[in-house]
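Below is one structure, written out as structure tokens; the observations come after it.
Within every chain, numbering begins at 1; the chains are lettered A, B, ... in the order of the sequence lines, protein sequences first and strands thereafter. Because the structure is a prediction, the values reported are computed rather than measured.
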Amino acid sequence: MAISKCKGSFLKLSIASTLTAIPHLIGFQHQGASSKSFRSTALDTVGAYEQKEMTGYSDAGNISAELFYDPAGAPHQAITDLIKTPAKSVWQMGFADVGNTVQDLSVAGVKFGTTVAMDDGLKASIELELEGDPDFPT
Amino acid sequence: MLSDLRTLLLAQSPITALVGAAGVFVGYADQATPLPYLTCDQTDSEEFNTLDGPSGSFRMLALEVDAKGRTRGEAQQLAETVRVFLKDYFGPAGTQVIDAVIVDGQFASVEPPISGSDQKTFVVTLELRLQYHPQ
């Protein structure tokens, strides 16, 4: 098992059917992916602990990212275009591990915000709501 | 960037009218340098790094510019001349291009006379942050 660096990791967005790297990413997180369960505790359950069963469904979670924002740059405009004209989009998340592992993603919702601070570069934060299979490596 | 800042300051006639054609120094001036003059030095930096870009493609340098004079008034006049020029400056500076200058603070101090002299050195220090994309 290796410990990987992060520099060189990327997010790509499919623009005109071509996966295009989102430039100036500072960092990103994939969070909230989970398999779903329901409480199956009944009055006649033996023991003190709650019982759970799987629903058979999983949630792919979401990706949040921070980047230095270029309002005039085409890749960043393509992200806000998904809000101007809501549509599902194809993304790819890639790591800088030895195998350059990638995950192909489908995104069903996009959130976007900007931060302007005197002693910092112009930044944006994005949140991508994943749908379907997040394509974990196996 | 410090030498580029020196080049920029020496290109400003209000500044050279006070310090002469060469009265801006990086780090320190020689002991015999006549007052008034300016020194510039870097105290810190912030590197705005990204996952994809080369390191240091966008930087912010913390600088101190010392205006030194024979009297407090002379040092203050020199510091104010520099402050007024730099506070909103963006554009070419030597081989680089300055994106923004932020004036963080200003304070005064006095340096004792150099051996064999009665002349104190009055100093007004400008604390600046300078943002640029290294060329």
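Around the CZ atom of B/Phe107, the shell of radius 6.0 Å holds more than 12 heavy atoms that belong to other residues, nucleotides or ligands. Atom CZ of A/Phe136 has more than 12 heavy atoms from other residues, nucleotides or ligands within 6.0 Å.
Closest of all the heavy-atom pairs between B/Asp52 and A/Leu25 is OD1-N, 4.0 Å.
Near-neighbour residues of residues 90-124 of chain A relative to chain B, defined by a heavy atom under 4.5 Å from a heavy atom of that chain, comprise A/Met118, A/Asp119, A/Asp120, A/Gly121. Scanning residues 26-55 of chain A against chain B with a 4.5 Å non-hydrogen threshold yields A/Ile26, A/Gly27, A/Phe28, sorted by number. Listed by sequence position, A/Phe68 are the residues of residues 64-75 of chain A in contact with chain B, using a 4.5 angstrom heavy-atom cutoff.
Following chains of ILVMFWY side-chain contacts shorter than 4.5 Å, one cannot reach B/Ile98 starting from B/Phe58, and the two form parts of different hydrophobic clusters. By the criterion of side-chain heavy atoms lying less than 4.5 angstrom apart, applied directly or through intervening Ile, Leu, Val, Met, Phe, Trp or Tyr residues, B/Leu10 is grouped together with B/Val101 in one hydrophobic cluster. Residues B/Leu8 and B/Met1 fall within the same hydrophobic cluster, defined by Ile, Leu, Val, Met, Phe, Trp and Tyr side chains chained together at heavy-atom separations under 4.5 Å. No continuous path of hydrophobic side-chain contacts links B/Val123 to B/Leu9 [ILVMFWY only; heavy atoms under 4.5 Å]. A/Leu128 is connected to A/Ile15 through a chain of hydrophobic side-chain contacts under 4.5 Å among Ile, Leu, Val, Met, Phe, Trp and Tyr, so both are in one cluster.
For a residue to count as touching a neighbouring chain, one of its non-hydrogen atoms must lie under 4.5 Å from one of that chain's; by this rule B/Asp104 does not touch chain A. When heavy atoms are compared at a cutoff of 4.5 Å, B/Phe48 approaches chain A by way of both its backbone and its side chain.
If you check the side chains of B/Thr50 and A/Lys7, you find no donor sitting under 3.5 Å from an acceptor.
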Which pairs of donor and acceptor atoms, one on a side chain in residues 13-31 of chain B, lie under 3.5 Å apart (sequence neighbours left out)?
residue : atom : partner : partner atom : Å
B/Thr16 : OG1  : B/Gln12 : O            : 3.4
B/Thr16 : OG1  : B/Ser13 : O            : 3.3

